[in-house]
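These values consider heavy atoms only, across backbone and side chains, with no hydrogens, waters or symmetry-generated copies.
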Amino acid sequence: MRKHLLTIALSTLLAATGAFAAEDNTKAPEEIKKSDWNGFEMLQFKVDGRSALLVQPRTAAADKPWIWRTEFFGVDPQADITLLSNGFHVAYIDVGGLFGAPVALDAMDKYYEHVRKTHGLNAKTVLEGFSRGGLYAFNWAIRHPDQVACIYVDAPVCDFKSWPGGKGRSKFSGREWRNVLNAYGMTDEQARAYKLNPIDNLAPLAKARIPILSVIGDMNDGVVPIEENTLIVETRYKELGGDIQVIKKPGVGHRPHSLPDPTPIVEFALKHTKAAK
């Protein structure tokens with residue numbers, strides 16, 4: 001009788017274990033939506049609940065280089081499209097409204113791990129920050145200088161006190177300033193005394209010898225004034241021994257971004273991803 005009960009118990013345990021194993025093996029894979037983006041295949045998916053995407057070249061270049069748009073995916077994309085034709089992947093995760101705060105960088109970390117593991121992309125990325133995307137690009141590079149080949153920023157915000165904080169020539173944006181305070185978990189007073197904006201925190205990038213290209217309008221940029229952002233970065237980065245190139249577009253304000261002929265941007269990315277190998 002005792003032996004019979006033991007046999008029944010063992011059978012029940014094995015059946016339950018088998019059921020759990022079957023359940024694990026039949027879990028649906030992460031949903032990936034495929035679509036066309038400017039003649040290239042785009043994969044759309046979620047990473048830790050956030051919308052993300054990856055545009056794939058027709059033929060990936062050796063070592064799978066990639067450029068990571070940190071904000072405003074698809075805006076003035078001529079450099080991205082040309083790099084796709086050169087075998088680059090184009091990456092993006094939606095961390096909008098977080099202004100490069102640690103919570104945004106944490107989400108970017110998870111995206112980086114995902115595309116490295118799932119798609120085998122290069123360990124070093126080209127960061128591409130348009131406007132407020134400059135905060136994300138610089139701050140993530142400062143966090144992970146060993147994972148960045150180079151940085152291309154375009155009319156970038158390099159100090160949130162300038163915009164949306166309106167401390168200088170730019171108009172104060174109350175809604176976006178509240179987003180800054182919420183994202184960073186700071187009071188107005190703390191944010192205005194903050195000393196870790198990109199303009200204040202360039203030493204890790206210079207130490208890692210990360211090249212920077214910044215494309216800006218001339219002094220007519222009333223949204224993100226260059227004298228409060230890029231020009232400070234340029235001066236301080238050079239003082240630290242860093243490699244920075246600034247291309248000014250005469251008579252242009254904050255937009256359009258990029259260049260009508262993106263060749264200088266493309267050549268910058270190609271040059272420094274080869275060096276990153």
For the hydrophobic clusters of this structure (ILVMFWY residues joined by side-chain heavy atoms under 4.5 Å, transitively), does one cluster hold both Val266 and Val75?
no
Closest heavy-atom contact between Thr230 and Cys158?
N-SG, 4.2 Å
Heavy-atom nearest pair, Gly100 first then Asn139, reads O-ND2, 3.1 Å
Do Glu41 and Arg58 sit within salt-bridge range, that is, some charged N less than 4.0 Å from a carboxylate O?
no
A side-chain contact here means heavy atoms from C-beta on lying under 4.5 Å apart; do Lys161 and Lys167 qualify?
yes
Give me the ring orientation class for His144 and Trp140: parallel if the planes are under 30° apart, tilted from 30 to 60°, perpendicular past 60°.
tilted
Could you pull out all residues at least two apart from Thr263 that satisfy side-chain hydrogen bond (donor to acceptor under 3.5 Å, both in side chains)?
Asp261
State yes or no: do Ile265 and Ile226 share one hydrophobic cluster built from I, L, V, M, F, W and Y residues joined by side-chain heavy-atom distances below 4.5 Å, directly or via other members?
no
Tightest non-hydrogen contact, residues Leu121 and Leu54, listed as CD1-CD1, 4.0 Å
Hey, does His272 have a side-chain heavy atom less than 4.5 Å from the side chain of Tyr152?
no
For residues 195-213, which side-chain N or O atoms pair as donor and acceptor with protein atoms under 3.5 Å away, sequence neighbours left out?
from   : atom 1 : to     : atom 2 : distance (Å)
Asn197 : OD1    : Phe160 : N      : 3.0
Asn197 : ND2    : Asp159 : OD1    : 3.2
Asp200 : OD2    : Asn197 : N      : 3.4

Would you say the ring centers of Phe172 and Trp163 fall short of 6.0 Å from each other?
no
Which label fits His114 and His119: parallel for a plane angle under 30°, tilted from 30 to 60°, or perpendicular past 60°?
perpendicular
If you compare all heavy atoms of Gly96 against all heavy atoms of Glu71, which two are closest, and at what distance to 0.1 Å?
CA-OE2, 3.4 Å
Is it the case that the side chain of Gln147 and the backbone of Ala141 share a donor-acceptor pair, with hydrogens and angles ignored and the cut-off at 3.5 Å?
no
For the side chain of Asn122 and the backbone of Lys124, is there at least one donor-acceptor N/O pair under 3.5 Å apart?
yes
Taking Thr118 for the side chain and Val115 for the main chain, is one N or O donor matched with an acceptor at less than 3.5 Å?
no
Pairwise side-chain contact, Glu113 with Val47, heavy-atom cut-off 4.5 Å (strictly under)
no
So how far is it from Ile67 CD1 to Asn86 CG, rounded to the nearest 0.5 Å?
11.5 Å
Would you check, one step at a time, whether the test side chain to side chain contact (heavy atoms under 4.5 Å, CB included) holds for Trp68 with Ile93?
CA-CA 9 Å; Trp68 188 352; Ile93 182 171; 4.2 Å; yes
Value for CZ (Arg175) from CG (Asn179), rounded to nearest 0.5 Å, stands at 7.0 Å
How far apart are the C-alpha atoms of Val148 and Ile151, what are their side-chain angles, what is the distance that settles it, and do they pass the side chain to side chain contact (heavy atoms under 4.5 Å, CB included) test?
CA-CA 8 Å; Val148 178; Ile151 301 170; 4.0 Å; yes
In terms of hydrophobic clustering (I, L, V, M, F, W, Y; side-chain heavy atoms under 4.5 Å; direct or indirect links), are Val157 and Ile216 co-clustered?
no
Value for CD (Glu234) from CG (Asn229), rounded to nearest 0.5 Å, stands at 13.0 Å
Over all atoms of both residues, closest heavy-atom pair of Ser131 and Val224:
OG-CG2, 4.3 Å
Using a distance-only test with no angle check, is there a side-chain donor-acceptor pair under 3.5 angstrom linking Ser51 and Lys46?
yes
Any heavy-atom pair between the side chains of Thr70 and Phe130 that's under 4.5 Å?
no
Compute the centroid of each ring, for Phe73 and then for Trp37, and state whether the two points are separated by less than 6.0 Å.
yes
Shared ILVMFWY cluster between Val246 and Ile232, side chains joined below 4.5 angstrom?
yes
Enter the distance from Leu84:CG to Gln56:CD here, rounded to the nearest 0.5 Å.
10.0 Å
Side chain to side chain contact (heavy atoms under 4.5 Å, CB included) evaluation trace for Ile244 with Val233:
CA-CA 9 Å; Ile244 183 169; Val233 169; 3.9 Å; yes
Inter-residue atom distance Glu31.CD - Gln44.CD, 0.5 Å rounding:
10.5 Å
Roughly how far, to the nearest 0.5 Å, is the CD atom of Glu128 from the SG atom of Cys150?
10.5 Å
Quick one: which residue pairs count as a salt bridge (charged side-chain N to carboxylate O under 4.0 Å, His left out) with a foot in residues 74-96, not counting sequence neighbours?
Arg69-Asp80
Evaluation steps, ring-ring contact (aromatic ring centres under 6.0 Å, His included), between Phe99 and Tyr136
CA-CA 7 Å; Phe99 289 87; Tyr136 299 91; 7.3 Å; no
Under a 4.5 Å cut-off applied to non-hydrogen side-chain atoms, are Val90 and Trp66 in contact?
no
Among the clusters formed by ILVMFWY side chains lying less than 4.5 Å apart, do Tyr92 and Val126 turn up in the same one?
yes
If you measure from the Lys or Arg side-chain nitrogens to the Asp or Glu carboxylate oxygens, is any gap between Asp109 and Arg143 under 4.0 Å?
yes
Do the side chains of Ser214 and Pro156 get nearer than 4.5 Å, heavy atoms only?
yes
May I ask you to check whether over 12 heavy atoms, not counting those of Lys110, lie within 6.0 Å of atom NZ?
no
Do Phe138 and Leu127 have side-chain heavy atoms sitting under 4.5 Å apart?
no
Trace of the side chain to side chain contact (heavy atoms under 4.5 Å, CB included) decision for Lys34 with Met42:
CA-CA 6 Å; Lys34 296 182 179 181; Met42 180 169 69; over 6 Å; no
A side-chain contact here means heavy atoms from C-beta on lying under 4.5 Å apart; do Val215 and Lys249 qualify?
yes
Residue pair Arg169 / Pro225: nearest heavy atoms and the distance that separates them:
NH2-CB, 3.6 Å
